[in-house]
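Step one of this worksheet: look at the structure below.
Counting convention: from 1, in listed order, for ligands and their atoms alike.
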Amino acid sequence: MGVDNPSVDRETCLSFDRQDPLAWLREEFALPEGVIYLDGNSLGALPKQTVPRLNEVIAREWGNGLIRSWNAAQWMEAPARIGDKIARLIGAKAGEVIVADSTSVNLFKLLAGALRVQPGRHFILTETSNFPTDLYIAQGLVEMLGGNHVVRPVERAEIERSLDGSVAVLMLTHVDYATGEVHDMRRITAAARKVGALMLWDLSHSAGAVPIDLNAAGVDLAVGCGYKYLNGGPGAPAYLFVAEGLQDAMQSPLSGWMGHAAPFEFEPEYRPAPGITRLLAGSPPILSMLALEVAIDLWLRVDQQEARRKSMALGDLFIQQVDETCRDLGVEVVGPRDAAHRGSQVSLRHKEGYRVMRALIDRGIIGDFRTPDLMRFGFAPLYTRYVDVFDAVHGLREVVTSRAWDRPEYKTRLAVT
Ligand SMILES: *Cc1c(COP(=O)(O)O)cnc(C)c1O
C-alpha cells in the first residue's frame with residue numbers, strides 16, 4: 001500500500017482498509033466499541049470463536065464427559081496436537097513443538113537440557129537487553145547448578161564475536177520487546193552452530209508478527225508465548241521447540257509423569273518419553289489449551305506473508321504519521337525505522353511516557369509503557385486497521401499538546417504498566 005506517500009489523510013487510511021486482503025479477520029475478534037487496541041503484542045484480542053468453544057468444553061467435555069474426556073475428547077493429545085499446529089506457523093516439523101507451561105518454565109527446561117548435552121562448555125551467552133525473565137531464569141539455573149556455569153550477557157554488537165568453544169548455548173530473543181528490533185535468525189544461528197553452541201530463540205514477540213522458519217535456519221531450540229500475537233488468552237500456555245535430531249539427547253530437569261514414557265504404568269523410576277513429549281512435566285491446563293487452539297486454528301487460515309506485509313505497512317504508517325504530526329512535541333521514534341528490521345511494534349520515547357500512555361488509555365487508545373520512558377504500540381495485523389493507526393497518532397498529538405497527561409492520578413504507577 002502506498003503508505004510512503006507523505007500526505008496520507010484519514011480518508012486514504014479508510015481506503016487502505018477497504019483494500020486490505022486481511023480485513024475479514026477483524027470480524028473474527030471481539031473488540032470493544034470505541035477502543036483502539038494497540039497492545040496485541042502484550043495480550044492478544046479475544047477470537048469470537050473462543051467463547052462458544054470454551055462454553056462447550058466446560059459444559060459438555062468437562063461437565064458431562066468428566067474424566068472420560070481425557071480419552072474421549074482427546075484432552076491428553078492436546079499439547080502435542082496444538083504443538084503440531086504451531087509448528088506450521090514457525091517452520092518446524094510435526095513432533096518438534098509441544099505446548100506446555102509458561103515461556104519462563106520452558107526456558108528453564110530447555111536451558112537445563114542444553115547444558116547437559118554440552119559438557120565442558122560453561123557459558124550461557126545472551127544479550128544484556130534480553131527480556132528480563134530470560135535472564136532471570138538463566139541466572140537461577142546457573143545458581144542451582146552450583147557454580148560450574150556462567151551467564152554471560154553482552155551488548156548486541158558483541159554477540160557474534162563472543163561466540164567460541166566455551167559457549168554451551170546462545171539464548172536470544174528474536175524480536176526485542178522494547179524496541180522491536182529483529183535479529184538475523186539465520187546468520188546468528190549459523191554463527192552459533194559453527195562453534196558448536198546450541199541456539200535457543202525466544203519467539204514471544206515473533207510468532208504471529210514475523211514469518212519464522214526454524215528448520216531453514218537450522219535452529220536447535222526455541223520457546224514462545226501463547227498470549228501475545230497468537231491470541232491464546234491471558235496466561236495462555238507457551239510452547240517449546242526441540243529440533244528432531246536433538247530430542248533423544250534432551251532431558252528435562254522437570255521429570256514429571258506427563259513426560260514419562262508410560263505415565264499410566266505408574267513405575268517408580270522416571271523414563272523419558274520418546275520425542276518432544278519428554279518436555280512435558282505435569283497435567284496440561286485443558287481450558288487454556290483449548291482456548292489457545294481456537295486462536296491457532298484461526299492463524300492457520302491466514303496467509304502469513306500477507307500478515308507480515310500488513311504489519312510492516314501499519315508500522316510504516318504509524319512512524320510516518322508521528323514524524324508528520326508529532327514533530328516538536330518531544331516524541332521520538334525508538335528502534336528500526338526500516339520495517340525489514342522491525343517486528344510488529346513501534347516504540348516512542350517521551351519524557352512523560354508513562355503519564356501520556358495513561359491518558360491515551362483513558363481515551364480508549366491502548367498501548368503500554370516500558371521503563372524508563374518508552375510508549376509501546378503494537379500492530380497486530382489480524383485486527384488492527386489503518387484508520388486505527390491514524391486515529392491513535394492524532395490522539396497522541398492531542399494528549400501531548402493539551403497536557404491531558406498532567407493529572408495527579410497518573411503519577412502513581414499501576415502494578416502492570
Ligand atoms: C512475554 C515474554 C515472555 C513471557 O514469559 P512468561 O513466562 O509467559 O510470563 C518471555 N520472554 C519474552 C521475550 C517475552 O516477550
Side-chain angles (χ1 to χ4, degrees), residues 38-45 79 82-83 86 90 97-112 124-141 151 153 156 159 169-183 185 188 199-210 212 214 219 221-241 252-254 279-282 284-285 288-289 291-292 295-296 335 342-347 367-371 374 376-380 415-417:
L38 301 179
D39 213 4
N41 52 312
S42 217
L43 175 65
I82 305 165
I86 292 175
I90 59 176
V97 177
I98 202 151
V99 176
D101 304 312
S102 62
T103 306
S104 302
V105 173
N106 289 334
L107 281 164
F108 181 81
K109 293 186 294 190
L110 292 191
L111 281 175
I124 297 175
L125 183 64
T126 186
E127 186 177 356
T128 320
S129 60
N130 202 342
F131 191 83
T133 205
D134 300 50
L135 300 173
Y136 303 160
I137 289 287
Q139 290 160 14
L141 172 66
V151 183
R156 200 175 184 91
I159 295 168
V169 53
L170 172 58
M171 170 185 74
L172 295 174
T173 294
H174 181 227
V175 176
D176 187 276
Y177 76 99
T179 65
E181 195 169 350
V182 186
H183 273 300
M185 180 179 282
I188 295 178
M199 183 72 231
L200 194 173
W201 287 106
D202 186 330
L203 306 176
S204 291
H205 282 284
S206 312
V210 295
I212 302 156
L214 293 178
V219 173
L221 304 163
V223 296
C225 185
Y227 53 80
K228 292 173 180 164
Y229 293 103
L230 295 184
N231 310 312
Y239 58 91
L240 63 83
F241 158 90
S252 174
L254 301 179
L279 272 309
L280 294 180
S288 314
M289 288 259 164
L292 173 63
I296 300 299
R342 195 176 65 221
S344 203
Q345 65 185 72
V346 174
S347 292
D368 62 21
F369 172 81
R370 287 296 173 263
T371 190
L374 296 184
R376 229 171 32 152
F377 298 88
F379 309 104
V416 174
T417 63

At a heavy-atom distance under 4.0 Å, which protein residues reach ligand 1? Sort them by chain and number, would you? Ser102, Thr103, Ser104, Phe131, Thr133, Asp134, Thr173, Asp202, Ser204, His205, Tyr227, Lys228

Could you tell me which residues satisfy ring-ring contact (aromatic ring centres under 6.0 Å, His included) with Tyr229, sequence neighbours excluded, listed by chain and number? none

Using the test ring-ring contact (aromatic ring centres under 6.0 Å, His included), find all partners of Tyr177 that sit at least two apart in sequence or belong to another chain. Phe131

Thr173: which of Asp202, Leu200, Val223, Leu203 passes side chain to side chain contact (heavy atoms under 4.5 Å, CB included): Asp202

Residues 224-240 vs salt bridge (charged side-chain N to carboxylate O under 4.0 Å, His left out), sequence neighbours excluded, gives none

Reported CG-to-CG distance for the pair Asn106 and Leu111, which is rounded to 0.5 angstrom: 10.5 Å

Reported CD1-to-CG distance for the pair Ile90 and Leu230, which is rounded to 0.5 angstrom: 9.0 Å

